[in-house]
J.: 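Quick one: this structure, given as structure tokens, is what I'll be asking you about.
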Amino acid sequence: MRRFLPSLSALQAFDSAARHMNFTKAAEDLSLTQSGISRQIGNLESRLGVTLFERVGSRLVLTDAGRDYAREVQQLLDRLEEVSIDAVRGRKASQALTIGTQPTLGARWLMPRLKGFATAHPDIPLELVAINAGSDVSDLPVDLALLRGRGAWINARSLELFAEELVAVAAPDLLERIDTTGPLNFQTMPTLQNARRPSLWLTWLRATGQEPAGFIQGMRLPYADLVIQAACEGLGIGLVPLHYVQAELETGRLCQCFGGPVASGESYWVVISDHRQAHPYVAEMRNWLMRHR
């Protein structure tokens, strides 16, 4: 018996229009014309015999039936997408070990350790997702997270990987042009700011016992990896976690300045929410990271 199913293209048009509450934005989202979106939704309403949208002045709003239908359609499309991706990759997403990490931590600390894990455990599929430092791990779609903090996460177990140390670094050619024997002067020396951690320089000043000369200022960059790249290009003095720049310090691409590393007061942790403790691969990854920190 033939199923009573609207066309997939009509459902996608309705889902996008319901999310954006705008036919023009839905058309941009799906690379269609506005009239094409309108036609798809009109066909869907005719098929169902239900009005899904109505106009209130200049605003587009969902009817009560449209709101309920949109909620169900979104879940069904998400599920259809998930099983389609599973079919392409030959396994379910739930069969992989999903690790949440901040992008710079993942690129500069985790990646060098994953090769050994993948070699030792070729049967464990891995997936990495980007998360924020302040994420609530119990709400994340990950089996294990690497987070910076003080070790207190609700409904989760945390194991300390290492304490964070901050170090001021700069390119050798920049250090040849400035005097680093005295205190850091923000007025006369180019410094780099991490927009995600705006208090980082203040933390370093307090830890080193220095009084800032001038207002804390300098080029603002959105995350640590760009701070490091800017420092390597000689654009300024960067303040970064030591474990991010070990390779650059060893090769001489960057040099420490204004003293050695200082503790930030935070650490990096392996964090596992209580409801993920039983995942068959979590213990393997946790133990590997603790051995290779």
J.: How about Arg157: does its CZ atom have over 12 heavy atoms from other parts shown lying under 6.0 Å from it?
T.: no
J.: Between Glu160 and Ser267, is any side-chain donor less than 3.5 angstrom from a side-chain acceptor?
T.: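 Side chains of Glu160 and Ser267: pair found under 3.5 Å.
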J.: Is it possible for you to say whether Val227 and Leu242 belong to one hydrophobic cluster, with membership spreading through side-chain heavy-atom contacts below 4.5 Å?
T.: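 Same cluster.
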J.: Side-chain heavy atoms under 4.5 angstrom apart, residues restricted to Ile, Leu, Val, Met, Phe, Trp, Tyr: same cluster for Tyr244 and Phe162?
T.: yes
J.: Does Arg19 pair with Asp15 as a salt bridge, N-O distance under 4.0 Å?
T.: yes
J.: Could you please spell out the steps behind the salt bridge (charged side-chain N to carboxylate O under 4.0 Å, His left out) verdict for Glu233 and Arg253?
T.: CA-CA 9 Å; Glu233 296 299 328; Arg253 195 174 181 202; 3.7 Å; yes
J.: Above 12 or not: heavy atoms from other molecules or residues under 6.0 Å from CZ of Arg206?
T.: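 It does not: Arg206 CZ has 12 such atoms or fewer within range.
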J.: Any chance you could lay out the side chain to side chain donor-acceptor pair (under 3.5 Å) test for Gln40 and Gln12, step after step, and finish with the verdict?
T.: CA-CA 9 Å; Gln40 290 284 6; Gln12 287 180 296; over 6 Å; no
J.: Decide whether Leu80 and Leu76 are clustered together by the hydrophobic rule: side chain heavy atoms of Ile, Leu, Val, Met, Phe, Trp, Tyr closer than 4.5 Å, transitively.
T.: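 Leu80 and Leu76: separate clusters.
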J.: Between Glu248 and Arg108, does the salt bridge (charged side-chain N to carboxylate O under 4.0 Å, His left out) criterion hold? Intermediate values first, please.
T.: CA-CA 11 Å; Glu248 286 81 1; Arg108 291 184 168 268; 2.8 Å; yes
J.: Linking I/L/V/M/F/W/Y whenever any side-chain heavy atoms sit under 4.5 Å apart, do Leu105 and Ile228 land together?
T.: yes
J.: In this structure, are over 12 heavy atoms from other groups packed under 6.0 Å from Arg291 atom CZ?
T.: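 Enclosed: over 12 neighbouring heavy atoms sit under 6.0 Å from CZ of Arg291.
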J.: How about Trp109 and Tyr268: are their ring centroids closer than 6.0 Å?
T.: no
J.: Is Ile154 atom CD1 crowded by more than 12 heavy atoms from other residues, nucleotides or ligands, each under 6.0 Å away?
T.: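 At most 12 heavy atoms, drawn from other residues, nucleotides or ligands, come within 6.0 Å of this atom.
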J.: May I ask you to decide whether Arg197 forms a salt bridge with Glu164, counting only side-chain N to carboxylate O separations under 4.0 Å?
T.: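 Here Arg197 pairs with Glu164 in a salt bridge, since their nearest N and O are under 4.0 Å apart.
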J.: According to a hydrophobic-cluster definition based on side-chain heavy atoms being under 4.5 Å apart (Ile, Leu, Val, Met, Phe, Trp, Tyr only), do Phe186 and Leu235 belong together?
T.: no
J.: Would you call Leu11 and Ser7 a side-chain contact if the rule is heavy atoms closer than 4.5 Å?
T.: no
J.: Just wondering, do Val167 and Val245 contact through their side chains at under 4.5 Å, heavy atoms?
T.: yes
J.: Do the side-chain N and O atoms of Gln193 and Gln217 include a donor-acceptor pair separated by under 3.5 angstrom?
T.: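 Checked: Gln193/Gln217 side chains show no N/O donor-acceptor pair below 3.5 Å.
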J.: Looking at the rings of His292 and Phe117, which for Trp means the six-membered one, are their centres under 6.0 Å apart?
T.: no
